[in-house]
Amino acid sequence: MASGNDTGSFWMPPQASTIAADVDDLYDFILWLNIIFFVLITVGTIWMVLRYRRKSAEQLATSQIAHNTAYEAVWTFGPLILVAVVFVWGVRVFMNQAVAPEGAYTVQVTAKKWSWTFTHPNGAVVPGELEVPANRPVKLVMASQDVLHSFFVPDFRVKQDVVPGRLTSLWFEAKEPGEHQIFCTEYCGKDHSRMLAKVKVIPADLDYRGPQTGKPQDVAFEDWGKQLYTKFGCSACHSLDGSKGVGPSFKGLYGRQESITGGTSVMVDENYIMESIYDPQAKIVAGFAGAMPTFKGQIDAEGIQGIIAFIKAQK
Ligand code: CUA
C-alpha cells in the first residue's frame with residue numbers, strides 16, 4: 001500500500017507521517033521493557049522454585065525470613081521510575097498528536113454506514129479518497145451521521161473515534177507523496193469491514209485548496225456513473241449480478257415495476273432513481289429495510305445523469 005522508499009519493517013507498516021517514528025519508539029520501549037521483565041521474572045521464578053524448594057518436613061519451621069531494605073527500595077522505586085518515564089513520554093507523544101499545528105489544511109470528514117466522505121476548503125466533496133498535500137499539517141474534523149465509527153491510517157499511526165452527536169479531530173503530516181489505506185476500526189454493522197478509503201498524498205503548494213471534482217469533459221455519462229458507483233460505495237449494497245444485497249441489485253432494474261413498502265408500486269425510471277438518491281426513504285422497494293442514507297449535496301446533476309446511464313446499462 002505504501003509508496004516511496006519506506007516499506008516498513010517485519011512488524012510495522014511504513015512510517016509515512018511525521019509522528020510515526022515517535023509512536024514506534026515509545027511502542028518499542030514499552031515492548032522491550034515487557035520482554036526484559038518477562039524473562040527476568042520467569043527465569044527468577046523457576047530458579048527460586050528449584051533453589052528454595054522444601055527438602056524436608058522440618059525445614060519450613062526453621063527457615064528465617066528476614067527483611068531487606070535495599071531489595072525493598074529497588075523493587076519499589078525501580079518500577080516507579082520506569083512507569084513515570086512511560087507516562088511522561090506517552091503524554092508528550094499524545095499531546096503532539098492531539099493538538100494540530102496552527103494553519104493546518106483542514107478537511108471535514110463524514111462517516112456513515114459504510115463510507116467515508118471528505119469535504120475540502122474549496123467545497124469539493126469526495127467520497128472514498130482523501131487527497132492531501134505532502135509536507136503540510138492536515139487536520140481532520142470528523143462527524144458521524146449514524147453510529148460510532150473510527151478513522152485509522154496505520155501508515156500514519158493515527159486513529160480516532162468518530163462519534164455521533166459530536167465532532168472529533170486528528171491531524172497528521174504526510175512525509176511524501178503516495179497512497180495509504182484508511183480503515184474503519186470500530187464495529188459499525190454488517191459491512192464494517194468494507195468501510196474503506198484511501199489517503200492520496202500529492203505534491204502541492206501552500207495555496208492548495210482541494211481537488212477538482214465533477215465530470216471531466218471527455219468521460220461518457222455511463223462511465224462517470226460507474227466511477228461514482230465505486231467511489232460512493234454503492235457497490236456495498238447494490239450488486240450488478242442480480243444477487244440481493246442490503247438494497248436491490250442494479251441488474252435489470254431500469255424500467256421494472258417495483259412493489260413499494262406500504263402497498264403501491266412504482267416504475268423505475270429517471271425520476272425514481274433521482275428521488276431514491278436524494279430522498280431514499282420516500283419509496284422503499286418491498287422486502288428491503290431502507291438503510292440508505294441521502295446523497296443530497298454530494299452527487300450533483302451530472303452525477304445523477306451518470307448513475308442513471310450506468311443503471312440503464314445493467315440489463
Ligand atoms: Cu464504520 Cu466500522
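In each ligand, atom 1 is the first atom listed, and ligand 1 is the first ligand listed. Nothing fancy with the numbering, it's 1 onward along the sequence. Not measured: the values here are computed from a predicted model.
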Would you call Lys159 and Glu186 a salt bridge, taking side-chain N to carboxylate O under 4.0 Å as the test?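 Looking at Glu186 together with Lys159, the answer is no, because their closest N to O distance does not fall below 4.0 Å.
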With a cut-off of 2.8 Å, does His149 place any N/O/S atom under that distance from atom 2 (Cu) of ligand 1?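 Short answer: no, not a single N, O or S atom is under the cut-off.
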Non-hydrogen side-chain atoms of Gln314 and Leu253 separated by less than 4.5 Å: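 Sidechains of Leu253 and Gln314: no contact.
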Go through the steps for Phe37 and Leu82 under the test side chain to side chain contact (heavy atoms under 4.5 Å, CB included), then give the verdict. CA-CA 12 Å; Phe37 274 93; Leu82 289 173; 3.6 Å; yes
Geometry at atom 2 (Cu) of ligand 1 - His192 ND1 versus Glu186 O angle, rounded to 10 degrees: 90°
Sole candidate of Phe151, Phe232, Phe152 that passes ring-ring contact (aromatic ring centres under 6.0 Å, His included) when paired with Trp116: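 Looking at Phe151, Phe232, Phe152, the match for Trp116 under the ring-ring contact (aromatic ring centres under 6.0 Å, His included) is Phe151.
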2.8 Å cut-off met by an N, O or S atom of Ser150 to atom 1 (Cu) of ligand 1: no
